[in-house]
Student: 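Below are the structure tokens for one structure; questions will follow.
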Number of protein chains: 2
Amino acid sequence: MSTTRSRATMKDVAAHAGVGLATVSRVVNGDPNVSEHTRAMVHAAIASLDFQRNDSARLLRQGIAASIGVILDDMADPFFSTLNRAVENEATARSTLSITASSNNEASHARELISALCARRVDGLIVACPRGIDEDYLQKEIAAGTPMVFVDRAPLKFDADTVLSDNFGGAFDGVTHLIAHGHQRIACLSDSSKLYTVNQRILGYRRALESAGIPYNSDWEHADLTAGVSLEEWLKKISSLAADEQPTAFFCTNSRASVAVLRALRNSEATWPAILCFDDFELADVIEPGISVVAQDPTAMGELAANLLFERLGQRSAKQPQPDQQQKFRNSVVKTKLIPRGSAEIVL
Amino acid sequence: MSTTRSRATMKDVAAHAGVGLATVSRVVNGDPNVSEHTRAMVHAAIASLDFQRNDSARLLRQGIAASIGVILDDMADPFFSTLNRAVENEATARSTLSITASSNNEASHARELISALCARRVDGLIVACPRGIDEDYLQKEIAAGTPMVFVDRAPLKFDADTVLSDNFGGAFDGVTHLIAHGHQRIACLSDSSKLYTVNQRILGYRRALESAGIPYNSDWEHADLTAGVSLEEWLKKISSLAADEQPTAFFCTNSRASVAVLRALRNSEATWPAILCFDDFELADVIEPGISVVAQDPTAMGELAANLLFERLGQRSAKQPQPDQQQKFRNSVVKTKLIPRGSAEIVL
DNA sequence: TTGTAAGCGTTATCAC
DNA sequence: GTGATAACGCTTACAA
């Protein structure tokens, strides 16, 4: 009952039970080749010493970590936390620990996290890699034996396993949906055009306009809510246009943009245009009118990524397979889904 | 450039550089007692072999993990993800890895996670412990040498370090705020009354009524949105009352309840009562009217918990301190903050 | 069935 | 300065 200085080891258990170290190990691991008697002795010793096997020592010996790293932008973002949850589930199902870290989408921070996890010899990594990260470094770690699956964004300089959303297609379909509801003047509002995903969605937006034969107007593409013309100013500018010059619909390319736009509209006098947002968010159906969205499927993405990673881990531990087999990377694209809730189906 | 079978070890580096193993260790750890020449040789070998120190081996030897575990209900919940982020920051500042896991607020799952992390000998744990968890087990692990700090909810059977929100006080102040705005008939809507936090808030609600001399009406306390009378039915029942019998204000005791209530109101014909929600949420200010909330401070909670834990870890590694000093647990209560946004300031 | 001993990749304590 | 060598706590041949 007194404060134990430190946890009991197998050696302690062995001594206490008057048996050899290996026997304790056998008992702990359920090896059948132990007599009933000794097994009982060992169990008694284990109980009386509150022994619990030290997994890090075991794993060191076995040369595996039984853990994977998951590096995403921000766990507070529902998209990433849902994706992470899916990975966590897959990992748990394989008795593997998933170690999560938020990079804040900063290249240097992500690199540090990856480095820290590789130093601990995690078996593999699932990474949403920030723009500008040192890709040579990533490649080096992969070559050194830590497989990585990239989610949401792919590295630019080299081929790898990837799981991405259908950003382009989703945006295309969404904007086409707006067009189908009679909109011709459609604005495109983005958080930061520097993000890969946002960029793809902008391209999808442009292509949809193009396909419908609608002229492109660069004034309607507000690319960065933080720099240049602020969203409020932009809204004011738009409102001051003649009625038949104003956009009748807004396409928001990510949830940050969506929130900013909704907040700005809420605080302005402007009549609400039709709105379609890329990425679903809680309460989207509670706002009046319900916000129509192009929903991603982070759960599917997480599952796919995890399965891909564990497949790699499996074939790594197997006898060296055909050397070129190793190089075949898989690139999955997960479909998005348009969810109409009213806001995009308005005809002005 | 060929696929390295496995990562280089210090032994490999030593051989490659033609020096002893210990020397490599010295170089890697920046020990000054190494000649310039050998240092250069070793660095060359390290570079050519792409050597990276195996931290798990190092940590095993040093008997520490340089990592802590964080077990919370659900990382997708903004309250917990924000709390976790604060812990993560504190840990990073101490070169410590924080390993996060979601218990889903299930006792058995939480126990498994705690067990898995203790088996890996994390240095300590920050836990939001689910109701019904085996507290004897927790106590055993703590006694065995893994300090734990409990956040959001405290264990019932034993004393420990805790960091809690001022659930009672926050609810009391919130409901008092409603009363100050002329409300007398105030309903209290909860997700599940089985949650400790929700219970405290319900008690705060009752006490506020009592303090104001307002009679308590058990019909207005809808304790469980999932069981018994569904929220929709309850709303209908309430609406059918005479106008001067209906509650004029709703107090929602957690964010799940808030969302459910807002959604139900949105889909009903009822005129909106005054609304006050415990726990802030994104878009609370975008909904019309802006939702007033009693905001918690998960960042402060995470910081406090982490600091408490690291303090314990510090005094553990120090020479055995006064044995009774060890037993003084700290119980912090973090204040909440009332944020009026309009919904609670309505006078019907 | 059981014990001894050699690792896993480090760090730490010695000698030299 | 430098290099053996013994830990750390475990698994796993290999003997007995």
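Throughout, protein chains are lettered first and strands after them, A, B, ... in sequence-line order, and every chain is numbered starting at 1. What you see is a predicted model; the values in this text were computed from it and never measured.
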Student: Between D:dT11 and A:Ser25, is there an OP1 or OP2 to side-chain N/O distance shorter than 4.0 Å?
Tutor: yes

Student: Below 4.0 angstrom, which residues in residues 30-51 of chain A have at least one non-hydrogen atom near DNA chain D?
Tutor: A:Phe51

Student: Kindly say whether A:Glu303 contributes a backbone atom to a donor-acceptor pair with the side chain of A:Asn307 at under 3.5 angstrom?
Tutor: yes

Student: Tell me, please, which residues at least two apart from A:Glu311 pass salt bridge (Lys or Arg N to Asp or Glu O under 4.0 Å).
Tutor: A:Arg330

Student: Give me each pair satisfying side chain to side chain donor-acceptor pair (under 3.5 Å) with a member in residues 117-132 of chain B, each pair once, sequence neighbours excluded.
Tutor: none

Student: Could you tell me whether the phosphate oxygens of D:dG9, OP1 or OP2, come under 4.0 Å of any side-chain nitrogen or oxygen in A:Arg7?
Tutor: no

Student: Quantified as the angle between the terminal helix axes (five pairs each), what is the overall bend of the helix from C:dT1-D:dA16 to C:dC16-D:dG1 to 10 degrees?
Tutor: 50°

Student: With rounding to the nearest 0.5 Å, note down the distance linking CZ in B:Phe158 to CD in B:Gln139.
Tutor: 5.0 Å

Student: Between B:Ala22 and A:Met10, which is nearer to the 5' end of DNA chain D once each is assigned its nearest nucleotide?
Tutor: B:Ala22

Student: Which residue pairs satisfy the side chain to side chain donor-acceptor pair (under 3.5 Å) criterion with at least one member in residues 20-29 of chain A, sequence neighbours excluded?
Tutor: A:Ser25-A:Asn29, A:Asn29-A:Arg53

Student: Can you sort out the partners of B:Arg85 under side chain to side chain donor-acceptor pair (under 3.5 Å), two or more places apart, ordered by chain and number?
Tutor: A:Asp74

Student: Sorted by first residue and then second, give each salt bridge (Lys or Arg N to Asp or Glu O under 4.0 Å) pair with at least one member in residues 106-118 of chain B; sequence neighbours left out.
Tutor: B:Arg111-B:Asp134

Student: With 3.5 Å as the limit, what N/O pairs link the protein to nucleotides 14-16 of chain D?
Tutor:
none

Student: If you compare all heavy atoms of A:Ser102 against all heavy atoms of A:Asp73, which two are closest, and at what distance to 0.1 Å?
Tutor: CB-O, 3.7 Å

Student: Can you tell me how far P of C:dA6 sits from NZ of B:Lys11, to the nearest Å?
Tutor: 13 Å

Student: Phosphate oxygens OP1/OP2 of D:dG3: is one of them under 4.0 Å from a side-chain N or O of B:Thr23?
Tutor: yes

Student: Checking A:Asp77 now: which residues fulfil salt bridge (Lys or Arg N to Asp or Glu O under 4.0 Å) with it, not counting sequence neighbours?
Tutor: none

Student: Taking only residues two or more places apart in sequence or in another chain, which ones pass side chain to side chain contact (heavy atoms under 4.5 Å, CB included) with B:Ser98?
Tutor: B:Ile68, B:Val70, B:Glu88, B:Ala91, B:Thr100

Student: Have a look at A:Val28 and say if it touches a base, only the backbone sugar-phosphate, or nothing, with a 4.0 Å heavy-atom cut-off.
Tutor: nothing

Student: Using distance only, find each side-chain donor-acceptor pair of residues 58-67 of chain B under 3.5 Å and give its atom names and separation, not counting sequence neighbours.
Tutor:
residue	atom	partner	partner atom	Å
B:Arg58	NE	B:Asp55	OD1	3.2
B:Arg58	NH2	B:Asp55	OD1	3.3
B:Ser67	OG	B:Ala65	O	3.4

Student: Rounded off to whole Å, could you give me the CZ-to-P distance for the A:Arg120 and C:dG9 pair?
Tutor: 18 Å

Student: Roughly how far apart are B:Asn105 CG and B:Cys129 SG, rounded to 0.5 Å?
Tutor: 9.0 Å

Student: Would you check if there is a donor-acceptor pair between the side chains of B:Asn54 and B:Ser56 at a distance under 3.5 Å?
Tutor: yes

Student: Tell me which residues in residues 54-68 of chain A put a heavy atom below 4.0 Å from DNA chain D, sorted by number, or none.
Tutor: A:Asn54, A:Ala57, A:Arg58, A:Arg61, A:Gln62

